[in-house]
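Some notes on the structure that comes next.
For clarity, every value in this text was computed on a predicted model and none was experimentally measured. Here is how names work: the chains are called A, B, and so on, in the same order as the sequence lines, proteins then strands, and each is numbered from 1. All heavy atoms count here, side chains included; hydrogens, waters and symmetry mates do not.
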Amino acid sequence: MSPQNNFLFESLNKEQFKAVNHIYGPLLVVAGAGSGKTKALTHRIANLIENNNVNPYNILAVTFTNKAAKEMKQRLEIILAKELATIRFGQPWSTLKEFDQNQLRTVIHQERLQDLWIGTFHSLFSRLLRFDIDKYKDPDGLSWNRQFSIYDETDSQTLLKEIITKEMQLDPKKFNPKKIKWAISNAKNQCLTPKELEEKSENQIDKLIADAYMRYRIALSRNNALDFDDLLLLPVFLLRQNHKVREYWHKRFMHILIDEYQDTNRTQYELIKLITTGDTDSEQFFEWEDRSIFVVGDADQSIYSFRAADFRILIGFKEDFKNKPNDKSDCIIKLENNYRSTSNILSAANSLIENNTERIEKVLKATKSDGEPLKLISCDDEISEAEAITSKIRSLGSKNNSPNWSKFAILYRTRAQSRVIEESLVRWRIPYTIYGGLRFYDRKEIKDAIAYLKVLINNADNISLLRIINVPRRGIGKTTIEKLNEIANKLELPLWEVINNKECLISTIGRSSKGINQFTELMNELTCYVENSGPSQLLQLILEKSGYLNELIMSGTDESEERRNNLQELVNAAIQYEEETENGDAEGFLATAALTTDSDDNKKNVSNSVTLMTLHNSKGLEFQNVFITGLEQGLFPSYRSIDTPSLLEEERRLCYVGLTRAKERLFLTHARERRLWGGNREVTIPSIFLQEIPEELIDGEIPQSGGISLKRDFHLDRLTRVDRNNNFVKNTPINSVRRLYSGPTKGEKWKLGDLLLHPKFGKGEIIHIFGSGEKISLAVKFGDKGSKILDPRIAPIRSINS
DNA sequence: ATGTAGGTGGTTTTT
DNA sequence: CCACCTACAT
């Protein structure tokens with residue numbers, strides 16, 4: 001059939017059409033922000049299935065987030081259902097009743113899309129490992145089975161810390177487990193084995209890290225566990241060594257699509273290459289015949305190099321996948337029409353990004369009119385910044401009787417910046433949602449419940465076992481656990497094997513084994529249910545039989561009520577998982593739990609609230625009104641990037657991503673001074689990025705000071721906070737609020753040119769006064785000691801008469 | 001075995 | 001400033 005007649009192609013521009021109609025061979029789609037790349041992707045998949053007889057079973061589609069995967073699947077469902085509508089009902093989709101529409105979608109979902117693999121690299125390849133991990137033969141003799149646990153950052157750090165302190169006998173203060181984990185992760189993302197890392201090491205510390213990596217790997221395998229990076233790294237080794245496995249996946253995934261290709265790292269790239277080329281020698285060029293690889297990306301939006309993403313992979317695409325050495329065929333399509341933002345916003349973004357050197361030349365062309373100029377909001381400090389943002393949102397929102405808060409997004413470089421903004425929003429009763437931060441699955445009670453399930457599935461998982469062995473309290477103490485753990489290590493057995501052995505217990509810890517017995521009996525009883533129960537039922541049983549729920553009910557506090565609700569929510573999530581996957585097993589549910597982030601949660605999107613998130617989290621989203629905050633040197637761009645050109649370019653790309661999120665209005669804010677971590681306020685320098693946007697596009701504005709009349713009130717007690725261990729923190733005082741409420745200062749006795757005496761710096765002269773009233777800081781010049789910024793309420797200074 | 005006080009160290013971005 | 005860890009008291 002002639003594809004041109006197909007409505008699949010109706011709403012596409014010329015370039016999008018070319019992309020969608022690409023069938024075999026490699027293709028790189030360079031897609032600028034807002035240029036309709038998701039459309040190109042979904043329509044191409046539909047085109048493959050609908051018009052080119054491709055079985056969805058043979059398609060692998062990689063997205064950057066689970067949310068994107070979900071959305072893509074839904075869009076695909078609708079496209080195909082529309083197609084089906086004309087065939088089944090002989091009438092267009094829009095004229096069908098909702099009931100019929102839904103029925104068609106269900107049909108498509110069940111009959112056509114069930115076998116389509118679509119998801120993040122991590123979720124897709126954890127799935128692949130569930131099939132084939134037992135076929136992996138490790139050169140060091142390590143092994144895993146398909147019940148493997150997935151360790152999150154905390155779990156793996158716990159494990160690594162144990163290795164560093166106990167096995168290697170190093171001082172964790174000198175050798176920070178976090179940093180070592182970071183280094184190991186980096187190696188894994190570059191596809192390096194411990195051995196390769198060791199060969200590359202140049203100094204003692206590098207050697208130590210390689211050693212830790214080696215031991216960490218062994219420890220993971222003893223726990224039958226993998227960390228996030230392993231989910232990609234292990235498949236690479238498996239596919240490299242096992243021809244049969246490689247051929248299987250090569251033959252299965254004939255059409256590979258990858259979104260956000262600029263954020264691919266070496267390991268992911270290796271993975272894709274292995275599956276695409278299959279059993280051919282890398283020296284040889286194979287025929288594409290009936291297969292394709294289709295990647296979409298934008299080098300200007302590459303913002304994840306800190307986790308080893310490398311956008312040069314995108315730039316090298318043509319070289320990597322061209323047909324023959326001399327192939328001249330053009331396998332690049334550029335999407336440059338932007339359908340999202342006003343022309344002013346685009347001009348600003350284009351000007352900014354032109355300051356980067358490493359790029360694929362590309363200019364976003366506006367399809368919308370000029371719109372309003374960008375607004376620059378300069379503020380005294382971070383509190384007035386927050387107030388200015390809030391007041392702007394209020395004035396724009398109040399034009400409407402029922403304001404649509406979800407049209408607003410506040411973006412920041414670091415999470416720490418959100419706090420002050422939250423306080424301001426709470427004060428003005430503006431509803432907001434923070435993305436990122438504490439994951440649902442990271443809450444204490446959820447991690448506990450999941451740990452039970454993990455141990456039931458994989459009893460070698462010591463980290464999870466140790467987490468729950470005394471939760472709820474069974475009177476098992478630290479020394480007992482320590483003792484047993486030592487025995488387990490000595491015998492090279494999982495801790496579970498040791499505690500599940502009555503003789504062993506009695507001979508080693510004797511009378512203090514009561515609690516342990518209670519625990520093993522519980523787990524043995526629960527194990528009986530594993531085979532015939534789904535994850536939701538198992539969780540329910542765990543919570544009841546362990547006494548976890550009872551304990552929460554007994555305590556009867558608001559906090560425990562909240563925890564119970566969360567646990568109910570967890571059971572619901574498991575039920576939903578079972579429905580979506582048609583009786584998916586507990587292993588699959590655990591993988592979902594490990595790999596789901598908060599921003600994947602679609603429930604949040606429907607609420608009418610202002611969005612707060614990091615710039616990183618904003619990738620792929622769009623909002624009517626966007627605030628980019630904290631545009632100061634050292635904050636954005638970050639102080640760690642400021643002196644390194646390549647890192648600075650990444651910050652600039654991050655800024656570019658931020659700018660291009662906005663559809664209509666864009667606000668840029670900065671504070672003239674800022675308290676970074678409660679310490680002294682620092683005078684700031686406006687971000688270099690502000691200078692890189694043409695002046696004529698920006699409209700300055702008089703900064704709003706923090707001195708709006710504030711009514712003491714409400715809600716502050718509802719700002720329940722949770723610490724990093726997920727315990728609720730009671731009555732956290734909110735300092736900035738307190739500061740704003742406390743009355744006027746004891747008087748402004750300081751003025752320019754005054755002389756003062758400081759015990760450490762000596763005599764100084766006030767050369768500048770920042771702020772006024774309560775929030776005053778003095779810049780004082782101390783002769784040979786240089787200048788300092790002082791807070792006169794804190795600094796031990798007294799004025800002297802000249 | 002468990003709870004709490006105080007000292008200390010760390011602060012970019014995430015699957 | 002905040003969260004974590006350790007040491008100590010119960």
Go through the steps for Tyr656(A) and Asn356(A) under the test side chain to side chain donor-acceptor pair (under 3.5 Å), then give the verdict. CA-CA 11 Å; Tyr656(A) 176 78; Asn356(A) 274 7; over 6 Å; no
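- Close to dT13(B), at under 4.0 Å from its OP1 or OP2, lies no side-chain N or O of Arg307(A).
- The CD-P distance, from Glu153(A) to dT12(B), rounds to 14 Å in whole Å.
- At the heavy-atom level, Asp152(A) lies nowhere under 4.0 Å from the strands shown.
- A salt bridge is absent between Lys173(A) and Asp171(A): the closest approach of a Lys/Arg side-chain nitrogen to an acidic carboxylate oxygen does not fall below 4.0 angstrom.
- Taking 4.0 angstrom as the limit, Asn189(A) places none of its side-chain polar atoms (N or O) nearer than this to OP1 or OP2 of dT14(B).
- Nucleic acid contact for Glu650(A): none, since no nucleic acid atom lies under 4.0 Å from a heavy atom of the residue.
- Within 4.0 Å (heavy atoms only), Tyr639(A) reaches sugar-phosphate atoms of the nucleic acid but no base atom.
- When the nearest nucleotides of DNA chain B are assigned to Lys173(A) and Ala416(A) by heavy-atom distance, the more 5′-ward of the two goes with Lys173(A).
- At dT15(B), none of the side-chain N or O atoms of Thr65(A) fall inside 4.0 Å of OP1 or OP2 (strictly under the cut-off).
- Residue side chain Phe306(A) meets the stacking definition with respect to dT13(B): its ring centre sits within less than 5.5 angstrom of the base's six-membered ring centre, and the planes differ by less than 30 degrees.
- OP1 or OP2 of dA1(B) lies within a sub-4.0 Å distance of a side-chain N or O belonging to Thr479(A).
- In this structure, Arg640(A) does not pair ionically with Glu651(A), as no charged nitrogen and carboxylate oxygen lie closer than 4.0 Å.
- Counting distance only, with no hydrogens placed and no angle test, the side-chain atoms of Arg413(A) and the base atoms of dT13(B) include a donor-acceptor pair under 3.5 Å.
- Salt bridge absent: Asp381(A) and Arg675(A) never bring a charged side-chain N and a carboxylate O closer than 4.0 Å.
- Put simply, Asn617(A) has a side-chain N or O that comes within less than 4.0 Å of OP1 or OP2 on dT14(B).
- In this structure, the CZ atom of Arg266(A) is 19 Å from the C1' atom of dT15(B), given to the nearest Å.
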